[in-house]
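Each chain gets a letter, A, B and so on, in the order the sequences are listed, and its residues count up from 1. As the structure is a computational prediction, the values presented were derived from the model and not from experiment.
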Amino acid sequence: MEKIDNNKISSWWLLVPTSFLYIITFFIPLITLLVMSFSRFESSVTTVGFYLDNYEKILTDGITLKIFFQTVELSLMITLFCLLLGYPVAMLMRRVGPKARLWILLLVVSPLLTSIIVRNVAWVLILGRSGMINDLLISWGLISKPLPLMYNTFGVVLAVVHVYLSFMVLPLFAALSSINNSLEEAAASLGAKPLSIFLNVTLPLSLPGIMAGCTLVFILSMGVYLTPVIMGGNFVVTLPMLIEDAVRNRYNWPEASAMALLLLIAIGIMIVISSSIQKWVKS
Amino acid sequence: MGKKLMSNLEGYRSLWPRRILVIFSSLVLFFLTAPLVILIIQSFTNESYLSFPPPTYGTRWYTEVIYSEDWQNATFLSLTIAIIVTPLSLVLGTLVAFGLERGPKKGKQTIQAIMISPMVLPHIVLGLGLFKIALQFNISDSLWAFVPAHLTITIPFVIVTVGASLQTFNTSLEEAARSLGASKFWAVWYITLPIISPGLIAGAIFSFIISFDEFIITFFLATFQRTLPLEMFSTLMYQVKPSIAAVSALTLAITAILTVVLMFRGQVVGGGKIIK
């Protein structure tokens with residue numbers, strides 16, 4: 001009996017190479033950021049120590065915190081739109097036959113496997129000042145000046161939703177397809193209206209999928225850099241853009257590290273909220 | 001009474017606004033796929049500017065891109081990284097998946113969560129930390145920095161896809177081979193690996209595509225070298241030219257081919273497993 005157990009423990013040797021890699025490429029970088037965030041940056045010299053300068057600056061300079069909340073707001077908006085657009089698709093996937101389901105799944109997943117930058121380029125070509133929509137509307141004489149479809153929050157949200165919608169649909173579909181049809185049919189046969197069945201049976205049962213999808217999309221959106229830069233110009237600024245600027249243009253590692261930790265804290269809070277909602281619903 | 005129940009049920013099935021669901025979902029799916037179709041159509045313009053629909057069609061910009069040294073170098077670098085990263089990521093991730101599946105149940109979940117945690121760390125944060133380390137080791141702007149960095153974000157996907165396949169694998173097949181005298185290694189090699197190959201293929205393709213498309217981490221690590229996404233980004237920031245559409249369509253073709261392979265292997269059809 002004991003021998004088998006040893007055998008099992010020895011399987012963990014298989015984790016060693018990857019753990020070794022992670023220590024160098026994951027844990028040490030994260031610890032470094034943590035240490036850096038408490039360091040002092042004065043006239044381009046970084047002093048390691050325990051200073052709260054960077055956090056103080058972030059919280060009091062009036063700009064960083066504002067942009068942080070803008071990023072949170074943007075991410076919540078993106079998450080909400082993904083949910084509203086994704087839920088009906090996931091629901092349809094559950095209701096159609098296996099062949100149609102496969103096709104819908106194919107369409108849902110295909111953007112996931114195409115480059116984010118390619119998808120952003122596509123939106124630039126569609127929404128830009130001389131993009132497809134403005135071109136067509138002007139040539140039809142409907143408008144005289146190009147509409148501002150890009151370089152604003154609208155363009156950024158649209159493009160990010162396009163990028164992350166698949167991440168919402170997949171967990172939603174997984175949760176919805178694990179609901180037993182007979183539960184809804186039982187409610188229906190007792191005279192419940194479709195809307196009330198949806199609100200009282202389907203929606204609560206699919207909550208784990210909703211929370212999983214929302215958490216995932218929120219986390220991804222908080223870290224999004226490329227799309228706001230391309231679609232927002234300099235008009236939509238997110239925390240990742242500030243981080244990038246602090247390091248690459250100002251070499252201010254301590255401040256960038258503190259902002260990175262702020263990002264991680266926000267994500268941590270989101271994970272805690274979503275898991276406590278799930279626990280609360282279960283009980 | 002039974003009749004009442006049945007008619008209620010019928011009512012539920014037909015009353016459900018299925019048509020609205022179909023129309024709405026079609027619009028969403030159109031939203032998902034149309035931009036890429038439009039992009040491909042625009043890339044075949046023969047003009048020096050982008051417009052839709054293009055006044056004249058041709059492959060002028062494809063020719064320009066294919067013969068451009070900048071694009072060649074960027075493609076070469078991206079492919080080099082992805083080709084090194086994919087097999088390494090597959091081997092390391094598969095070892096982890098086996099270790100987790102065959103190891104003690106106790107603590108498995110915690111260790112698995114740690115092993116796939118790079119998945120939920122924003123790449124901007126990971127990129128920032130890796131850049132600092134790379135500067136310290138003096139290896140930034142080289143494959144020595146790019147490859148380990150990409151591995152960190154691809155391995156979790158292999159752990160998840162291979163892990164999902166291993167969960168459904170019936171170990172008694174492997175035990176049968178061993179009882180017939182096969183060593184542990186050869187039993188896994190000849191029995192287990194072929195059976196879980198859909199998971200391996202899915203993991204390999206995910207690794208390739210994620211590495212091939214990676215932007216922000218490489219953006220931090222690179223100073224002079226440019227991968228394809230970096231080259232596309234800097235071109236795009238400078239000017240929106242038809243060449244960018246042609247390159248996008250070409251990278252789309254590369255990833256689409258891999259996607260088709262993935263689809264035919266039916267792994268993604270397994271449902272949310274890959275994401276969960």
Sort [X] into side chain, backbone, both or neither according to what part of it lies under 4.5 angstrom from a heavy atom of chain A.
X	value
L128(B)	both
T152(B)	both
P242(B)	neither
L250(B)	neither
I114(B)	both
L32(B)	both
M237(B)	side chain

Residue among [options] with most heavy-atom pairs under 4.5 Å to chain B:
options	result
V89(A), L172(A), V229(A), T25(A)	T25(A)
I230(A), L136(A), V96(A), N120(A)	I230(A)
L165(A), I116(A), T32(A), I267(A)	L165(A)

[X] versus chain B, heavy atoms under 4.5 Å apart: side chain, backbone, both or neither?
X	value
L263(A)	side chain
L92(A)	both
F27(A)	side chain
W253(A)	side chain

Please tabulate, for the side chains in residues 214-221 of chain B, all donor-acceptor contacts under 3.5 angstrom to protein atoms that are two or more places apart in sequence or on a different chain.
unit_1: E214(B); atom_1: OE1; unit_2: I217(B); atom_2: N; d: 3.3
unit_1: E214(B); atom_1: OE1; unit_2: T218(B); atom_2: N; d: 3.0
unit_1: E214(B); atom_1: OE1; unit_2: T218(B); atom_2: OG1; d: 2.6
unit_1: E214(B); atom_1: OE2; unit_2: I216(B); atom_2: N; d: 3.4
unit_1: E214(B); atom_1: OE2; unit_2: I217(B); atom_2: N; d: 3.0
unit_1: T218(B); atom_1: OG1; unit_2: H150(B); atom_2: NE2; d: 3.0

Subject >> Check: F31(B) ring centre within less than 6.0 Å of W123(A) ring centre >> reply: yes
Original post:
Distance-only, no hydrogens or angles: does the S211(B) side chain make a donor-acceptor pair with backbone N or O of F208(B) under 3.5 Å?
Top reply: no
Subject >> Over 12 non-hydrogen atoms of neighbours within 6.0 angstrom of CZ in F185(B) >> reply: yes
Original post:
Taking atom OG1 of T238(A) and atom CD1 of I124(B), what is their separation to the nearest 0.5 Å?
Top reply: 7.5 Å
Subject >> side chain to side chain contact (heavy atoms under 4.5 Å, CB included) between F26(A) and L121(B), worked out >> reply: CA-CA 10 Å; F26(A) 188 63; L121(B) 188 76; 3.6 Å; yes
Subject >> Y87(A): partners by side-chain hydrogen bond (donor to acceptor under 3.5 Å, both in side chains), with sequence neighbours left out >> reply: S206(A)
